[in-house]
Amino acid sequence: MAGGIRTMVRLGILCALATVGQSGGDGARAQTLTVASSAPVTSIDPHYHTLSPNISLHGHIYDRLIHRNAKGEMEPGLAVSWKLIDDTTWELKLRSATFHNGAPFTAEDVVYSLDRVPKVKNSPASFQIYTRAVTSTTIVDPHTILLKTDGPYPLLPQDVSQVFILSRGLGAEPLTEDFNSGKNAIGTGAYRFVSYRPGEKTELERHDGYWGPKPAWDKVSYRVISNDAARTAALLAGDVGIIEFVPPTDLPKLRTDPRVTLSEVVSNRSIYLWLDHSRDGATPHVTGPYGEVLAKNPLKDLRVRQALSIAINRPGIVERVMENAAIPTAQYLPATSSSHVPELVPPKYDLDRAKALLAEAGYPNGLRVTLHGPNDRYVNDAKIIQAVAQMWQRIGVQTTVEGLPWNTFVARAGKQEFSIFLLGWGVSTGEGTNPLRAQIATWNPTRGLGTANRGRYSNPAVDALLDQAMTTMDTAARDVLVRKTTKLAMDDVPVIMLHLQKNIWATRKGLTYEARVDEETQAMAVRSEK
Amino acid sequence: MFTWMVRRLFQACFVVLAMTVIVFVGVHVIGNPVDILISPEADQAERARIIANLGLDQPLWRQYLYFLNDAVHGNLGRSFVFNEPALKLIGGRMPATLELAVTAVLFSICFGVPLGLYAGLKPDSFFGRTVMAGSILGFSLPSFWVGLMLIMVFAVQLGWLPSTGRGQTEVLFGIHWSFLTWDGLRHMFMPALNLSLFNISLVLRLTRAGVRETLPMDYIKFARAKGLSPARVIFVHVLKNIMIPVVTVVGLELGSTIAFAVVTESVFAWPGMGKLIIDSINVLDRPVIVAYLMMIVLLFITINLVVDILYTVLDPRVRLETKA
Amino acid sequence: MTDPSHAVAADAPVLPKEETPFRRFVSEFAESKLALVGLAVFSVIALLAIFASWITPQNPYDLAQLDIMDGRLPPGSKSLSGYTFILGTDDQGRDMFSGMLFGLRISLSVGVGSALFAAVVGTTLGLLAAFFGRRVDTVIMRLVDLQLSFPSILVALMILAVLGKGVMNVMLALVMVEWAYYARTVRATAMVERRREYIEAAQCLALPWRRIMFRHLLPNCLPPLIVVATQQVARAIALEATLSFLGLGVPITEPSLGLLIANGYQYMLSGKYWISFYPGLALLVTIVSINLVGDQLRDVLNPRLKK
């Protein structure tokens, strides 16, 4: 019994020391960083599910051919360079690196990984969308590989930058479960896998043979704290060193708290309202001011869309609902992106003009609408639609709000059951063809275009311009085309853009983290000030 | 007795089957898990491929038959989210919930019995009345609210205890337990207390009622008359008599405590089964929902069966034939 | 979870020896000052909830009356239009006082509504079981046993997982959770009553069974039924709040107390305690007052506890 107590005391001291180590105070001891992530990691298999919490963690264990810096720019990963040889062939030069099991990294591992992606069993969201463009691979030498595409495909590097590289030593069809147990969790990343407990935490330790800069932390504990308030509380209590997705509600308090450092950046995730373009006749949730069914869909009228857009006080939403954890926007990407169109600014909040536009469109007495949105998906989603509804009341658009849990919302949105509804889109590649292809292009299953075009917006002029951009291999020329397409599309108000979210991290005082435009939380980039 | 057992088993199977049908139909009506799990960038062909891959393109009755067939072979399906067998997933989360529930039950005895004794022995004292009034609070306070308050006070304001999560664990018999480490115990204190609040009130009231019923009895009077010390009378004679119902009820409550852990686990981010089921409901991870509910139903049926059997063994007056 | 009062008195069916005169009941009830306070507080709460539309300065569900710029003002602040928010505002600029009374109304109507509905279902089934006995009794009581063997939260979770969220679904879940308590209580009482002379007399007169059941049997089962109903209302309110907190309850646009607490939870750490605290207090006071009344009712109506 006495021994038990002694062990306990010893453990207690160890814990206390670990806490000190984590706040960066004790240089001599093993340095452990505890990260609080906002959503559970569902698998250690990096090809199983394109889910951001997974990807964020996998970045520690596995490497990608092309990495991205905090600003979202591509930089060398396992590939030191990539260049176009002809319109359909890319040449990648690979670096020498070693896997956690000591095996050297070669071009064969790249081939193996690209091959495995479509073969993962039961994957509910496969990485295949990023490997599909590659039609064949050729190994020139162990550190040079050629990737061929069907036609001109300028976005290959962006796609490849999403795929994690595994060791071919895992053999044919490695099982997802064996990754979770650690058996297959072998990458070239800065950290090696120690243990994984679903929904709880993942433990990592430093991989000393890492090719990149040596990370500051010997050990990383990647904890899941999905409750926003609890995440903040854990940081304030000193249980964790860094938290991601700082809830906007806690921002004012954290900004002035001396124990905490914040880092933030405008992200590629936009929040907007989809409008129903699919119906020419009456759309289900928009009626006349007295509830009468309308002969045609008012949302097909540009003036109505503009009126709805300028009746929204975006700065008000950003300040009051989002606690300044967002900026108003009129397009999918922030100013840091090469696809950003500077002259595309959010319309000025102007109730008189909005009323005038509605009257001009033939609705002087306003409309009656139901605004739908999820209530558990995006930051403050339900509050945003309520705020928008309040604002629309002021131009005579009587708005009821219906917030639904994501699981029912997404099913109904997919059946075009809503007329106006809130959604968000994160541009993983950081460039403009991604949202244009997925959201704005006409819905076309055979070509894989307009896949997320839930409002079924269709504009032939935009489609044509986008096609041109998609086959232009010259980066500068393509950027010009993309900006032109974006301007043309967004001026037509296919969706009502609201704001771009900020990605915000909070660390204990003494630790710093450079905020990333993608949502990844990388322990190797957390530094302690000394 | 034997026919009764067979009948009970038959009924149990029927309940489980009915429940699986309801869950299958229900989840199907709410939505399609693929819509939730799929990458937003996936195109229409990819979506169709995944739906087919997970077998969700089949008509519901056929999916159900496949499920039944697998279930008979001990396979309750794979989680759509984790790509692991649902049973394994639930089993992995079970120790966390179990240790939380058991600690909560222990708490309820440690706090409930002494307080109840006091309130029973001195029902008209100020403290006795306060305890009883407090027990009403224990029943009334919604546990999620108490949980929030605990976090606010002990973790955020005072900083004495960690706010959420499970803390350090130690392996025993190949399973991670947090009661073996100091850090783990610190993490467990608040959620266990939160979860036990209802049971504390329950045990307290049971004990108090028991004491008040026992005290006027002849054998207590006799023991007193014999000149036994009051402490001995209370702790040996009175307590012995009370402990039987207390232990029975507490044992029965273990099941409910496991179920109610859903709330506590959500508040304290305790990675147990309850948290898993809430998350699974949100993403329509049908295999996990079905497996969890099946398991809980079986658990309760077993508990009830064991209790019924024990009663017959212990008390011959209870004739099971009339019950069935 | 098993109701505590049942745990103590479950094996002893409540047996009123003769019809208790109303006056004696009142004076016995009034013996407990605490219960009287509970009754008074609950009456005030119920009145506030019923007349919420006339009392509150704002209709918190009318979005035209809300201004997001008034969001999260501390208690006592003035709105842009000059109105003072006694208890502050929530993130939507909704007056907390108004929001709370309306939330109270939803919580109470869900609680009372489901308790009443469950009472009708449970009582009918309980009476049927007692009156007809044999097969009917076996089937109904098997269902009751089954229902009671599962914790309420689990049953509610299962129903909401299958039906999805919404006020009606929450009500349905609560009814499903509660009906068995009524059925069991009523059956136990009715089993004793139906062997009495007056029932036999009524049967000899060949009165229709429906008449005997509802006109003769039911009134004599009322005392224990009232006790159960009181307890179940409190339970229903608490359970609804819990479900809403877990995100499985009522819709966000018309929040009940539980959802108000959940909404305010995230603001608590940033010092904006009032969004969560006052609804929590209201919920607490409501449930405690009902339970105080229920406790005393049980003591008064349960002859076993009488000295």
Side-chain angles (χ1 to χ4, degrees), chain B residues 11 15 19 22-23 25-27 29-31 129 132-133 135-145 148-149 151-152 156 198-199 201-202 204-206 209-210 245 249 252-253 255-260 262-263 266-267 274 277-278 280-282 284 289 293 296-297 300-301 303-304 323-324, chain C residues 1-5 7-9 34 38 138 141-142 145-146 148-155 157-164 231 234-235 237-239 241-243 245-248 257-258 261-262 264-265 268-269 273 276-277 279-280 283-292 294-295 305:
Chain B
Q11 279 169 351
V15 171
M19 195 213 56
I22 295 171
V23 174
V25 175
V27 173
V29 170
I30 293 179
R129 281 171 179 279
M132 279 311 283
S135 78
I136 293 192
L137 274 185
F139 287 135
S140 309
L141 289 166
S143 69
F144 68 92
W145 164 256
L148 299 187
M149 289 299 144
I151 295 182
M152 268 304 278
V156 179
F198 183 93
N199 283 344
S201 302
L202 180 64
L204 189 160
R205 289 191 150 208
L206 274 176
V249 170
L252 281 173
E253 281 298 304
S256 311
T257 310
I258 290 173
F260 261 85
V262 170
V263 181
S266 292
V267 175
I277 183 71
I278 294 275
S280 301
I281 289 176
N282 283 331
L284 301 177
I289 302 177
L293 291 177
I296 286 272
V297 169
F300 275 91
I301 288 174
I303 290 181
N304 294 328
K323 271 196 112 183
Chain C
M1 280 189 200
T2 326
D3 199 278
S5 56
V8 178
L34 215 55
T138 316
M141 289 329 281
R142 274 278 89 194
D145 283 349
L146 187 72
L148 291 182
S149 62
F150 295 107
S152 50
I153 186 106
L154 193 77
V155 176
L157 261 182
M158 201 167 118
I159 292 170
L160 290 173
V162 168
L163 296 180
Q231 291 161 344
R235 273 166 50 98
I237 292 174
L239 192 57
T242 307
L243 291 170
F245 177 78
L246 290 176
L248 298 170
L257 287 179
I261 298 173
Y265 175 28
M268 240 160 51
L269 297 171
Y273 66 92
S276 192
F277 183 74
L283 180 66
L284 187 65
V285 171
T286 309
I287 299 177
V288 170
S289 64
I290 298 176
N291 276 345
L292 285 174
D295 255 29
L305 293 176

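Reckoned from all heavy atoms, side chains included, excluding hydrogens, waters and symmetry mates. So you know, we letter chains A, B, ... as the sequences are listed, proteins then strands, and number each from 1.
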Toward chain B, the part of C:I237 with a non-hydrogen atom under 4.5 Å:
neither
Heavy-atom check, side chain of C:I261 versus side chain of B:W145, under 4.5 Å:
yes
Interface residue of largest heavy-atom contact number with chain B, from C:L34, C:N291, C:L292, under 4.5 Å:
C:N291
Which bit of C:A234 comes within less than 4.5 Å of chain B, counting heavy atoms only: side chain, backbone, both or neither?
neither
